[in-house]
Protein chains: 2
Amino acid sequence: MCPDIDDIDLKILQQIEADFDVSLETVANKLDLSKSAVHYRIQKLKDEEIINSVTADVDPFALGLEVVSLTDVSVTHREGYSENIGEEIMTIDGVEQVYYTMGDVDFVAVSRVQTRSQLNDLIEEVVAIDGVNETSSKFVLEEFHGARNISANLTQSGRDAILDP
Amino acid sequence: MCPDIDDIDLKILQQIEADFDVSLETVANKLDLSKSAVHYRIQKLKDEEIINSVTADVDPFALGLEVVSLTDVSVTHREGYSENIGEEIMTIDGVEQVYYTMGDVDFVAVSRVQTRSQLNDLIEEVVAIDGVNETSSKFVLEEFHGARNISANLTQSGRDAILDP
DNA sequence: AATGAAATCGACCAGCA
DNA sequence: TGCTGGTCGATTTCATT
């Protein structure tokens with residue numbers, strides 16, 4: 001199913017995907033492995049591009065980004081243009097994520113800004129994109145992101161599929 | 001507006017939010033600062049909890065997580081229960097993000113699993129939650145996440161608001 | 001795949017502007 | 001408070017198994 005990952009790799013991923021600001025020794029102790037072995041495996045996971053990057057996670061609220069919104073965007077259908085429009089929406093400052101979906105609505109954009117006026121500006125930029133037909137936004141009152149990560153968020157059958165040969 | 005951040009802090013955030021797998025020296029050179037100064041500022045940003053954590057970013061496709069879906073969830077309204085339901089949805093394996101919104105739909109959940117059958121199981125778990133009224137899901141054909149981060153994704157007025165006194 | 005030794009890098013401290 | 005330079009401990013790398 002994917003590049004050979006064993007249960008030790010999966011445990012390492014769960015650890016460092018939750019917090020990589022710990023010493024190798026901490027990870028090694030939790031898994032009863034040597035520091036070198038943990039380092040070796042992490043390098044391998046990076047080489048195989050299972051770990052994409054190591055990044056600092058910034059608190060959006062600390063920067064005053066308290067206005068979160070979901071915007072449905074429908075477009076006039078023209079062959080092959082949809083993906084371009086998705087990328088155009090993505091380039092707008094404040095847009096965090098764009099999903100291109102099946103269904104009556106074509107795109108769903110998640111935006112994060114400081115003020116309602118910034119959100120208005122943002123939506124105007126979306127509307128101004130050539131091919132965009134109609135938008136409809138709703139405010140997000142609360143987000144539940146948890147401390148949940150890709151590797152910690154697998155279903156049981158998903159975990160089995162990865163570990164099985 | 002927020003804990004005093006200057007333009008140097010903001011530049012550091014943009015650097016390490018995109019890639020923290022570089023040496024302090026690299027960051028320092030790009031900003032014409034000493035290693036110690038960069039270290040000092042990063043520590044401060046961590047102390048002030050502007051940097052929440054440092055984490056490894058795992059490629060979902062490398063783990064076979066290719067089925068992404070947006071699920072609208074409406075609930076029977078009972079005082080104060082909404083937040084609990086949001087948290088309950090969040091605890092389901094495969095659910096990545098939950099938004100509680102104003103509007104006719106109450107929650108929007110983003111899920112990421114390996115197969116359509118896993119998605120069916122997931123949606124059944126959502127429906128089984130006490131208080132959940134109706135769900136409606138759509139497949140995501142494509143995601144545009146870019147390499148965009150909180151600090152690199154500010155609007156111009158947002159940037160001004162942070163840097164101004 | 002995993003180890004231990006040697007080179008390199010980051011964390012911390014005292015002191016200074 | 002913000003920064004420097006130096007020291008110590010941790011991490012990375014590499015030769016070896």
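A, B, ... follow the sequence lines: proteins, then strands. Residue 1 opens every chain.
Comparing the local axis fitted to the first five base pairs of the helix from C:dA1-D:dT17 to C:dA17-D:dT1 with the one fitted to its last five gives a bend of 40°, rounded to 10°.
Every residue two or more places apart in sequence or in another chain that forms a side chain to side chain contact (heavy atoms under 4.5 Å, CB included) with A:Gln118 is listed here: A:Val113, A:Gln114, A:Thr115, B:Thr155, B:Ser157. Residues that satisfy the salt bridge (Lys or Arg N to Asp or Glu O under 4.0 Å) test with B:Asp93, not counting sequence neighbours, are A:Arg148. Residues passing the side chain to side chain donor-acceptor pair (under 3.5 Å) test with A:Ser53, sequence neighbours excluded: B:Asp57. A search for side chain to side chain donor-acceptor pair (under 3.5 Å) contacts involving B:Asp6 returns B:Arg41, not counting sequence neighbours. When the side chain to side chain contact (heavy atoms under 4.5 Å, CB included) test is applied to B:Asp47, no partner is found at least two apart in sequence or on another chain. Every residue two or more places apart in sequence or in another chain that forms a salt bridge (Lys or Arg N to Asp or Glu O under 4.0 Å) with B:Glu96 is listed here: B:Arg112. For B:Tyr100, the ring pair (Phe, Tyr, Trp, His ring centres under 6.0 Å) partners at least two apart in sequence or on another chain are B:Phe107.
By the neighbour-count criterion of 12 heavy atoms within 6.0 Å, atom CD of B:Glu49 is sparsely surrounded, having that number or fewer from other residues, nucleotides or ligands.
Counting only N and O atoms by type, the side chains of A:Glu124 and A:Asn120 include no donor and acceptor under 3.5 Å apart. Judged by distance alone, the side chains of A:Ser151 and A:Glu17 do bring a donor and an acceptor atom under 3.5 Å apart.
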Exercise answer: donor-acceptor pairs, residues 24-37 of chain A side-chain atoms, under 3.5 Å, sequence neighbours excluded:
| from | atom 1 | to | atom 2 | distance (Å) |
| --- | --- | --- | --- | --- |
| A:Thr26 | OG1 | A:Ser23 | OG | 3.0 |
| A:Asn29 | ND2 | A:Glu25 | O | 3.3 |
| A:Ser34 | OG | A:Ala37 | N | 3.1 |

Taking only nitrogen or oxygen atoms into account, show me every contact under 3.5 Å that the protein makes with nucleotides 7-9 of chain D, one pair per line with its distance.
none

Give me, pair by pair, the N or O atoms of the protein and of nucleotides 14-17 of chain D that are less than 3.5 Å apart, along with how far apart they are.
none

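To the nearest angstrom, P of D:dG2 lies 12 Å from CD1 of B:Ile12. Spacing between atom OH of A:Tyr40 and atom C1' of C:dT3 amounts to 12 Å, rounded to whole angstrom units. Nucleotide C:dA2 holds its C1' atom 15 Å from the CG atom of A:Leu31, rounded to whole Å. Taking atom CD1 of residue B:Ile8 and atom P of nucleotide D:dG2, one finds them 10 Å apart after rounding to whole Å. Rounded to an integer number of Å, the gap from B:Ile42 CD1 to D:dC3 C1' is 15 Å.
Residue B:Arg41 places no side-chain N or O under 4.0 Å from the OP1 or OP2 atom of D:dT1.
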Starting at the 5' end of nucleotides 4-16 of chain C, put B wherever the base has a protein heavy atom under 4.0 Å, S where only the sugar-phosphate does, and a dash everywhere else. B----SSBB----
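Between B:Lys46 and A:Asp21 there is a salt bridge, since a side-chain N of the basic residue sits under 4.0 Å from a carboxylate O of the acidic one.
Side-chain contact between B:Leu63 and A:Ile5 is present, with at least one heavy-atom pair separated by less than 4.5 Å.
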